[in-house]
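Let me begin by presenting the structure, written as structure tokens, before commenting on it.
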Amino acid sequence: MTTELVVKATSLVKRFEGKEVIKDCNMNVRKGTIYGFLGANGSGKTTVFKMLLGLLIPSAGEIEILGNRSSENRDKILKSIGSIIETPVFYEHLSAKENLELHLSYMGVVNPYIENTLELVGLNDTENLPVSKFSLGMRQRLGIARAIIHNPKLLILDEPINGLDPLGIREMRELFLHLVKNRNMTIVISSHILSEIEHIADNIGVIVNGRIVEEVSLSSIKDQFPEGLEDFFFNIMSGNGGKVNA
Amino acid sequence: MLDLMKLELRKTNIRTYINSTFVIFIVLLGFIYIFAYMPQVNPNDPMLELFASYKNIVSLFGALNMATFCILASVMYSRFVIEEYTGKRVILLFSYPIRREKIFVSKMIIVTLFTIISMIVCNILVYSIFGLSETFFPLVKDNITLGVIQKAIITTIVMTVLAAALSIISMAIGFIKKSTLTTIVSAFLLCSIVTNISSGTLNSNTVAIIVMAITILAAIYAAKIILKKINCMEV
């Protein structure tokens with residue numbers, strides 16, 4: 001495992017109408033790892049993700065992605081990121097393949113293997129079915145396909161397994177591990193399903209009321225909380241700190 | 001830019017607007033005949049004498065034509081711009097490594113070009129059909145002179161530019177209010193004002209050109225405001 005950082009956010013602050021919603025956040029994601037980002041509803045996970053993607057401008061602090069400062073290299077960074085933020089939206093009258101073709105054109109990437117990606121997320125038999133006829137789970141799978149099809153170096157996935165059935169969740173878990181192992185991707189993922197994060201993550205970041213209070217490896221959590229991630233998480237949420245010596 | 005425009009066209013079903021243009025063409029063709037037939041409804045009504053000259057018919061038709069296409073353009077802007085930038089899709093749009101203003105300008109070019117081309121084609125067809133039928137079975141007691149043809153050409157150009165420019169202004173208002181309804185209602189209101197001015201000055205090209213110049217300047221200003229907003233937009 002390398003120590004090279006793919007995401008390095010320093011003293012990140014975001015204010016909305018004077019109210020500080022992200023407070024002095026530091027985030028470090030190492031290359032080739034899966035970073036599980038945990039936090040209660042409204043704690044600021046999506047806001048942090050949006051700042052990483054340049055959709056929100058930080059009020060203070062700095063973000064470096066793949067060694068590039070986000071304030072100066074927006075386009076270069078975006079080309080190397082695949083993302084799902086909130087519920088993925090598509091062009092409803094187009095098929096899954098057409099949506100992906102469109103995405104690749106906007107990304108400026110040529111990938112003749114669209115079918116392979118669709119197969120990877122389990123959507124290989126949708127053919128010309130327009131996305132408007134897709135179920136919630138199928139949309140989520142297509143969202144994941146869109147996030148990975150241009151072979152990004154970093155995946156930012158905000159609740160990517162929402163709406164998937166247990167089988168789908170398992171398939172996606174295997175897919176994420178495959179992407180990190182075989183395609184050299186780095187993943188930052190948030191989910192309310194703690195057991196999922198526990199299955200795949202190498203490191204965990206916990207955000208409470210807009211502040212990342214913990215950033216620690218999963219193995220050290222397991223050493224200190226043998227019952228699992230849930231105990232660790234609730235410990236922090238209940239204000240006990242839950243400090244782990246990383 | 002051309003590539004971006006092609007992508008925009010793939011995202012939106014342009015056929016809907018082509019079909020709408022065809023319907024508008026039929027309706028406008030019907031209207032020009034109604035205008036021409038008006039004086040015969042009640043030959044004693046001096047008010048209807050307004051429709052007894054080709055130049056007046058061209059002016060009135062031009063105003064109606066402009067309002068219709070301006071509203072069609074505002075509906076297109078609602079789909080191409082307002083829905084895209086005010087809904088969740090904007091997250092996707094801003095996640096692409098393409099300068100934001102380029103995407104927006106490509107959308108504006110598509111709607112503007114569509115409005116101009118469809119309006120000019122529609123006008124040529126309506127005037128040709130009407131002109132031909134008037135040559136053989138005249139409804140209007142007037143002659144089609146070079147002056148009338150000239151008037152038709154100038155009116156078409158002025159009204160086309162007005163429709164494109166007014167729709168940009170209504171798009172800007174709708175963008176600020178984040179509402180497709182506001183976009184379309186603004187187009188209605190702006191058209192009402194401008195068509196009232198143009199119908200009040202039926203035979204003055206000078207007024208039409210002044211109105212056109214003011215509208216173009218306002219449209220450029222409106223587009224600049226929106227470009228600035230898009231560039232610093234947070235989603």
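Every chain is numbered from 1, with letters handed out A, B, ... down the list of sequences. Just so it is clear, the model here is predicted, and its values are computed rather than measured.
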Response to the item:
Okay, B:L92 and chain A: the region with an atom under 4.5 Å from a heavy atom over there is side chain

Worksheet entry | Pick from B:I91, B:I103, B:N13, B:L7 with the largest number of heavy-atom pairs that fall under 4.5 Å of chain A | B:L7

Worksheet item: Got a sec: does the CZ of A:F16 have more than 12 other heavy atoms crowding it under 6.0 Å?
Response: yes

Worksheet entry | Max heavy-atom pair count under 4.5 Å with chain B, selected residue of A:L53, A:L55, A:V89, A:I77 | A:L55

Worksheet item: Got more than 12 heavy atoms from elsewhere within 6.0 Å of CZ, B:F31?
Response: no

Worksheet item: With ring centroids as reference points, do B:F35 and B:F61 lie under 6.0 angstrom apart?
Response: no

Fill in: Check against salt bridge (Lys or Arg N to Asp or Glu O under 4.0 Å), A:K50 and B:E234
CA-CA 9 Å; A:K50 284 184 173 177; B:E234 292 192 296; over 6 Å; no

Worksheet, complete the sentence: Greatest number of non-hydrogen atom pairs under 4.5 angstrom with chain B, of A:I85, A:L94, A:I57, falls to A:I57

Worksheet item: Going by the angle between their ring planes, with limits at 30° and 60°, are A:F37 and A:F49 parallel, tilted or perpendicular?
Response: tilted

Worksheet entry | Segment of A:L56 engaging chain B (4.5 angstrom heavy-atom cut-off) | both

Fill in: B:E84 versus chain A, the contacting section by heavy-atom distance below 4.5 Å
side chain

Worksheet, complete the sentence: Okay, A:H103 and chain B: the region with an atom under 4.5 Å from a heavy atom over there is both

Item to complete: Identify the heavy atoms of A:I84 and A:G143 that sit nearest to each other, and give their distance.
Response: CD1-C, 3.5 Å

